[in-house]
Participant: 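My questions all concern the structure below.
Each ligand, and each atom within it, is numbered from 1 in the order the structure gives. All figures in this text were calculated on a predicted structure; none of them were measured in a lab.
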Amino acid sequence: MKKQIVLLPGDGIGPEITESALQIIKSAGIDLDYVVMQAGAESAAKTGETLPSEVVENIKKYKVALKGPITTPIGTGFRSVNVALRKELNLYGAVRPSKNLEGIRTKFDNVDLVIVRENTEDLYAGIERMVDDDTAESIKRITRSASMRIAEFAFDYAVKNNRKKVTVVTKANICKFSDGLFLECARQTAQKYPQIEFKEILIDNLCMQLVVRPHEFDVLLCPNLYGDIVSDLAAGLTGGLGIAPGANYGEDGAALFEPVHGSSPDIAGKGIANPTALIRSAVLMLNHLDYAKEAAKIDSAVNTVIKEGKFTTPDIGGNATTKEFTSAVINKLK
Ligand code: NAD
């Protein structure tokens, strides 16, 4: 029987890169049954809901989802559908690998980082209000249970993926209670994993160290906001948002795979979006679905096309379209 997954093509460049990823998955010999759903601005226009309850119900039912980026209005408008999805599905652990790909010129070679981001609380809990016309307040909520859960997840990930070091990232010198609690939970968990080196760093220092000596880092364990920001920084270090994949894992086996990048309104509809980040997110998904052989084949085909450099998209220095890049990857799969 075909495996069923939920597919959310998303907004902006989402549908263009989703089309590419689906063609590539099919060309690798995998026939999945896609339950296609809409969320975000487009869904709101059609149904009045940004996150229809069937989307959450279907992901709960089918357990696995592949998702394109979804636009979130800045400053005003509806709450982030991405944040709501992670929260409602309790997808507490985001994993975002950042590794150089041969063929993309970057400041450093051989960067190989994984960001593990707590996905359910911190400033993303959306506890915000206007105290009066001139004063706004956002609450940074960190709990022991969520911090212990993500710390355990990060160390377990390190062990299972042959990683050597976990560095916890906080601003515990200033946010003594909230980040202090996150740090305490990481320290406590580290004691259970003597085989994994444990380090602590303040977020400001990390930002400097990452652009000077990124090889010092392996797994970065971050609360939600720092994890979000550092993911883009790490993507920039290794070739940009066009290539950075992500996965979100929950407690009950639900998993949602999506690129780190957003809907890129500046290039949407131009046919030049780089589908690599979504394809690499799909590779993470295929591994999760036990299609390891096919996942490795796709990964290798993408890497070869990028290394050869003849059919790469403008964001990584080429002048090919999304479709030309996709055809080149498919040719490598033949
Ligand atoms: P963005 O990631 O969409 O774009 C940042 C820059 O990177 C743009 O110049 C864009 O063209 C480029 N870029 C990103 N992905 C690319 C790709 N695949 N190929 C080529 N170039 C690429 O960030 P933004 O502009 O700050 O956000 C746009 C919207 O996306 C916002 O509404 C934001 O809330 C949303 N967003 C969604 C997600 C998600 O769905 N998980 C993540 C981040 C941002």
Side-chain angles (χ1 to χ4, degrees), residues 6-21 24 37-44 50-51 55 59 65-87 89 91 94-96 98 101 104 115 117 119-120 123-124 126 224-225 227-248 255-282 284 302 305-306 311-326 329:
V6 174
L7 181 72
L8 287 156
D11 303 316
I13 60 171
E16 306 164 38
I17 57 175
T18 301
E19 176 63 29
S20 161
I24 287 168
M37 313 242 43
Q38 298 284 345
E42 209 174 303
S43 157
T50 52
L51 182 56
V55 174
I59 302 178
L66 182 64
K67 176 186 155 296
I70 294 178
T71 302
T72 306
I74 295 174
T76 57
F78 61 82
R79 248 193 98 198
S80 165
V81 170
N82 302 303
V83 173
L85 263 176
R86 290 170 199 153
K87 191 127 202 220
L89 293 160
L91 296 166
V95 174
R96 294 170 158 191
S98 264
L101 294 181
I104 304 181
I115 291 152
R117 166 184 173 192
N119 243 351
T120 62
L123 282 162
Y124 288 70
N224 209 340
L225 179 64
D228 188 1
I229 297 168
V230 171
S231 297
D232 277 37
L233 196 164
L237 267 181
T238 49
L241 284 166
I243 64 160
N248 304 280
L256 183 147
F257 300 84
E258 62 177 342
V260 171
H261 66 72
S263 52
S264 309
D266 54 341
I267 57 163
K270 294 187 178 162
I272 53 163
N274 189 347
T276 304
L278 184 65
I279 299 166
R280 295 176 85 202
S281 304
L284 296 174
V302 168
V305 172
I306 290 177
F311 296 103
T312 50
T313 46
D315 59 304
I316 52 172
N319 50 28
T321 62
T322 312
K323 285 193 171 140
E324 287 164 343
F325 175 81
T326 307
V329 174

Participant: Record the part of D266 in heavy-atom contact with ligand 1 below 4.0 Å; permitted values are side chain, backbone, both and neither.
Facilitator: side chain

Participant: Is N119 reaching over with its side chain to a backbone N or O of L91, donor-acceptor style, under 3.5 angstrom?
Facilitator: yes

Participant: Look up atom CG in L89 and atom CG in N248, then write down how far apart they are to the nearest 0.5 Å.
Facilitator: 9.5 Å

Participant: Check each atom of ligand 1 against the heavy atoms of P265 and keep those under 4.0 Å away; list them by number with element.
Facilitator: 28 (C)

Participant: Can you name the atoms of ligand 1, numbered from 1 with element, that are less than 4.0 Å from a heavy atom of I13?
Facilitator: 17 (C), 18 (N)

Participant: Just jot down the ligand 1 atoms closer than 4.0 angstrom to any heavy atom of S263, in number order.
Facilitator: 3 (O), 28 (C), 29 (C), 30 (O)

Participant: Among protein heavy atoms, which sits nearest to atom 44 (C) of ligand 1, and what does the distance come to when rounded to 0.1 Å?
Facilitator: G262 CA, 3.3 Å

Participant: For ligand 1, which atoms, with element, lie under 4.0 Å from some heavy atom of K67?
Facilitator: 39 (C), 40 (O), 41 (N)

Participant: Is it the case that ligand 1 has an N or O less than 3.5 angstrom from some N or O of A273?
Facilitator: no

Participant: To the nearest 0.5 Å, what is the distance between NZ on K87 and CG on N82?
Facilitator: 15.0 Å

Participant: Please lay out, stage by stage, how I17 and H261 fare under the test side chain to side chain contact (heavy atoms under 4.5 Å, CB included).
Facilitator: CA-CA 12 Å; I17 57 175; H261 66 72; 3.6 Å; yes

Participant: Determine yes or no for a side-chain-to-main-chain donor-acceptor pair under 3.5 angstrom, with S80 supplying the side chain and V83 the backbone.
Facilitator: yes

Participant: One residue to check: R86. Relative to ligand 1, which of side chain, backbone, both or neither has a non-hydrogen atom less than 4.0 Å away?
Facilitator: side chain

Participant: Under 3.5 Å between some N or O of ligand 1 and some N or O of T71?
Facilitator: no

Participant: Quick test: of every protein heavy atom, which one is nearest to atom 33 (C) of ligand 1, and how far off is it to 0.1 Å?
Facilitator: T72 N, 4.0 Å

Participant: If the cut-off is 4.0 Å to any non-hydrogen atom of E258, which atoms of ligand 1 fall inside it?
Facilitator: 41 (N)

Participant: How far apart are the C-alpha atoms of L101 and R280, what are their side-chain angles, what is the distance that settles it, and do they pass the side chain to side chain contact (heavy atoms under 4.5 Å, CB included) test?
Facilitator: CA-CA 12 Å; L101 294 181; R280 295 176 85 202; 3.7 Å; yes

Participant: Would you sort out whether L85 and L8 count as a side chain to side chain contact (heavy atoms under 4.5 Å, CB included), showing the intermediate values?
Facilitator: CA-CA 12 Å; L85 263 176; L8 287 156; 4.2 Å; yes

Participant: Suppose I only count heavy atoms of G242 and a 4.0 Å limit; which atoms of ligand 1 are within that range?
Facilitator: 17 (C), 18 (N)

Participant: Quick one: CZ on F311 to OG1 on T322, what's the gap to the nearest 0.5 Å?
Facilitator: 14.0 Å

Participant: Considering only protein heavy atoms, which is closest to atom 39 (C) of ligand 1, and at what distance to one decimal place?
Facilitator: N82 ND2, 3.2 Å

Participant: Ignoring hydrogens and geometry, is there a side-chain-to-backbone donor-acceptor pair from T276 to I243 under 3.5 Å?
Facilitator: no

Participant: Quick one: which ligand 1 atoms are inside 4.0 Å of a heavy atom on P69?
Facilitator: 40 (O)

Participant: What residue and atom, counting heavy atoms only, is the protein's closest point to atom 4 (O) of ligand 1, and at what distance?
Facilitator: S264 OG, 3.8 Å

Participant: Grab the two heavy atoms, one from G239 and one from I104, that are nearest each other, plus how far apart they are.
Facilitator: CA-CG2, 3.8 Å

Participant: I need the E19 CD to K323 NZ distance, nearest 0.5 Å.
Facilitator: 7.5 Å

Participant: Look at atom 5 (C) of ligand 1 and find which of L241, I17, I267 reaches it with the closest heavy atom.
Facilitator: L241

Participant: Quiz question for you: does at least one protein heavy atom lie closer than 4.0 Å to atom 18 (N) of ligand 1?
Facilitator: yes

Participant: For ligand 1, which atoms have a heavy atom of V260 less than 4.0 angstrom away?
Facilitator: 42 (C), 43 (C)

Participant: Provide, to 0.1 Å, the distance between atom 35 (C) of ligand 1 and the closest protein heavy atom, together with that atom's residue and name.
Facilitator: I70 O, 3.6 Å

Participant: Rounded to the nearest 0.5 Å, how far apart are CD1 of I306 and CZ of F325?
Facilitator: 4.5 Å

Participant: Looking at atom 41 (N) of ligand 1, tell me if a protein heavy atom falls under 4.0 Å from it.
Facilitator: yes

Participant: Looking at ligand 1, does any of its N/O atoms fall within less than 3.5 Å of an N/O of G68?
Facilitator: no

Participant: Quick one, N224 with R117, criterion side chain to side chain contact (heavy atoms under 4.5 Å, CB included). Give me CA distance, side-chain angles, the key distance, then yes/no.
Facilitator: CA-CA 6 Å; N224 209 340; R117 166 184 173 192; 2.8 Å; yes

Participant: Determine if the distance from atom 26 (O) of ligand 1 to the closest protein heavy atom is below 4.0 Å.
Facilitator: no

